[in-house]
Amino acid sequence: MTDFLGLKLAPTILRAVEAEGYTTPTPIQLQSIPALLEGHDLLGVAQTGTGKTAAFSLPILHRLQEKTVHQDGRRTPRALVLAPTRELAGQIGESLRTYGQHLGLRHAVVFGGTSIRNQIRILSRGVDILVATPGRLLDLMNQRQVRLDRVEIFVLDEADRMLDMGFIPDVKKISAAIPKKRQTVLFSATMPKSVQSLADGLLNDPVHVEVAPTSTTAERVEQHVLFVHKDKKRALLAELMNDRSIERVLIFTRTKHGADRVARHLDDHGVRSDAIHGNKAQNARERALNGFRNGKIRALVATDIAARGIDVDGVTHVINFELPNDPESYVHRIGRTARAGATGIALSFCDREERGYLRDIEKTIRQTVTVNEDHSYHAADIANDPGHGKRGPSKNGNFRKNNNGSGQRRRNPKRGSRPSVKAA
Ligand code: AMP
């Protein structure tokens with residue numbers, strides 16, 4: 001059973017899935033969907049980019065469309081999905097809309113930083129599936145604007161991030177307001193002890209599913225490093241953007257100000273771009289994201305936090321304007337260009353201070369990143385810095401994908417095994 005037909009989803013859902021161009025379920029979908037359709041609780045270790053949203057959304061839609069219950073005329077949520085960020089909540093809402101387009105189910109997305117009045121109005125009209133960030137949902141509960149006493153399916157997405165963001169007390173309050181007799185699903189990119197103990201408290205004899213996305217992601221992405229002095233990075237970026245094969249690029253900076261500066265610099269060079277980070281108002285963030293999605297903006301500059309959960313298909317390149325100091329962020333970042341089986345290209349700028357970061361990254365991904373010195377700002381002194389290990393220049397001067405999509409990856413010859421990196 002490797003196609004969607006074998007998963008026994010309702011034909012109306014399959015039609016929507018086919019229209020999206022999905023032909024084969026991803027591994028996390030193959031593992032999760034049957035268990036969820038059978039009503040089991042589920043503990044999933046999977047990152048964004050693995051298809052996890054559909055893995056829980058399709059069974060929710062299937063189960064809710066099986067029986068319509070609007071007892072005494074009230075239409076209160078029968079499924080609740082909690083997500084840590086507004087972006088992720090918005091994207092889950094989008095997925096539900098897409099996959100559920102032929103069903104008569106209603107969903108709503110509620111998050112903070114935007115008018116609560118509108119959300120109250122939408123809720124009062126009745127919803128079947130509610131997607132929410134924890135803080136705003138608690139506000140709505142405290143104002144008695146939402147009832148959770150008919151929730152049958154409860155999903156907690158990116159539980160590790162919820163924990164990082166201090167949402168766990170809120171999550172516990174919310175879960176206490178949901179009937180005990182329910183199906184509970186928890187997804188997390190990583191499974192530290194704290195998430196495990198949260199899962200122990202919430203889940204009842206769950207099915208465990210796990211995919212190791214970081215290794216596959218890192219494998220699929222063609223990775224280059226460009227050694228450059230810090231003060232030449234902007235000029236290098238402008239030069240790279242002359243390459244029209246860089247159609248849709250996500251550029252990462254370490255700081256919010258850095259993101260703004262890079263976006264302004266690109267605009268000055270005639271590259272339509274925008275920045276997305278936590279200092280921006282919600283509508284500005286949405287505008288930037290939509291522009292990027294519909295192709296009006298060629299370059300989106302983001303910080304790690306803001307980029308979490310950004311789900312945009314067709315990102316041809318990721319550029320690390322600055323390398324992150326933790327390798328997992330690097331893997332997250334480059335994964336943005338290899339969504340659901342696609343291949344992509346990641347270009348990392350590395351200045352002298354970032355040499356150590358590069359070394360850590362290579363250790364984690366267990367492969368050496370190809371050096372590309374075919375640009376005007378190659379810093380041979382940084383490249384030749386002793387202690388960095390041997391590496392040769394890339395023969396392929398441009399940044400187009402190789403036809404076979406396999407890239408010019410070089411594995412560390414000392415390690416014969418497949419690189420396998422699990423999320424930390
Ligand atoms: P997610 O991990 O949920 O963020 O999904 C990552 C991306 O994969 C999204 O852009 C989905 O539209 C896409 N996707 C999900 N499932 C499939 C599938 N079975 N085939 C192709 N693309 C998919």
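Worth knowing before you read on, the calculation uses all heavy atoms, side chains too, and leaves out hydrogens, waters and symmetry mates. Counting convention: from 1, in listed order, for ligands and their atoms alike.
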Asker: Does either side chain, that of Asn118 or that of Arg121, offer a donor lying less than 3.5 Å from an acceptor on the other one?
Answerer: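 The answer is yes; a qualifying pair exists.
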
Asker: Would you mind telling me if ligand 1 is within reach of the side chain of Gln29, the backbone, both or neither, using heavy atoms under 4.0 Å?
Answerer: side chain

Asker: Using modelled atom types and a 3.5 Å cut-off, is there a donor and acceptor pairing between side-chain atoms of Glu354 and backbone atoms of Asp351?
Answerer: yes

Asker: Just which atoms of ligand 1 are under 4.0 Å from any heavy atom in Pro25?
Answerer: 19 (N)

Asker: Check each atom of ligand 1 against the heavy atoms of Thr53 and keep those under 4.0 Å away; list them by number with element.
Answerer: 1 (P), 3 (O), 4 (O)

Asker: If we ignore angles and hydrogens, is there a donor and acceptor under 3.5 Å between the side chains of Asp260 and His277?
Answerer: yes

Asker: Is a side-chain donor-acceptor pair under 3.5 Å present for His208 with Glu210?
Answerer: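 Note: Glu210 and His208 side chains miss the donor-acceptor criterion.
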
Asker: Relative to each other, are the rings of Phe56 and Phe187 parallel, tilted or perpendicular (30° and 60° limits)?
Answerer: tilted

Asker: Counting each atom of ligand 1 from 1 as listed, which ones have a heavy atom of Lys52 under 4.0 Å away?
Answerer: 1 (P), 2 (O), 3 (O)

Asker: Which of these, Ile129, Ile153, Ile60, Leu148, sits in a side-chain contact (heavy atoms from CB on, under 4.5 Å) with Leu80?
Answerer: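 With Leu80 as partner, Ile129, Ile153, Ile60, Leu148 yield a single side-chain contact (heavy atoms from CB on, under 4.5 Å), made by Leu148.
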
Asker: Counting only heavy atoms closer than 4.0 Å, does ligand 1 sit against the backbone of Val17, its side chain, both, or neither?
Answerer: neither

Asker: So if I count the atoms of ligand 1 from 1 in the order they appear, which ones are less than 4.0 Å from some heavy atom of Thr24?
Answerer: 18 (C), 19 (N), 20 (N)

Asker: Counting each atom of ligand 1 from 1 as listed, which ones have a heavy atom of Phe4 under 4.0 Å away?
Answerer: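 Listed by number with element: 19 (N).
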
Asker: Check this for me - ligand 1, Thr23, N or O atoms closer than 3.5 angstrom, yes or no?
Answerer: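 So ligand 1 has no N or O lying under 3.5 Å from an N or O of Thr23.
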
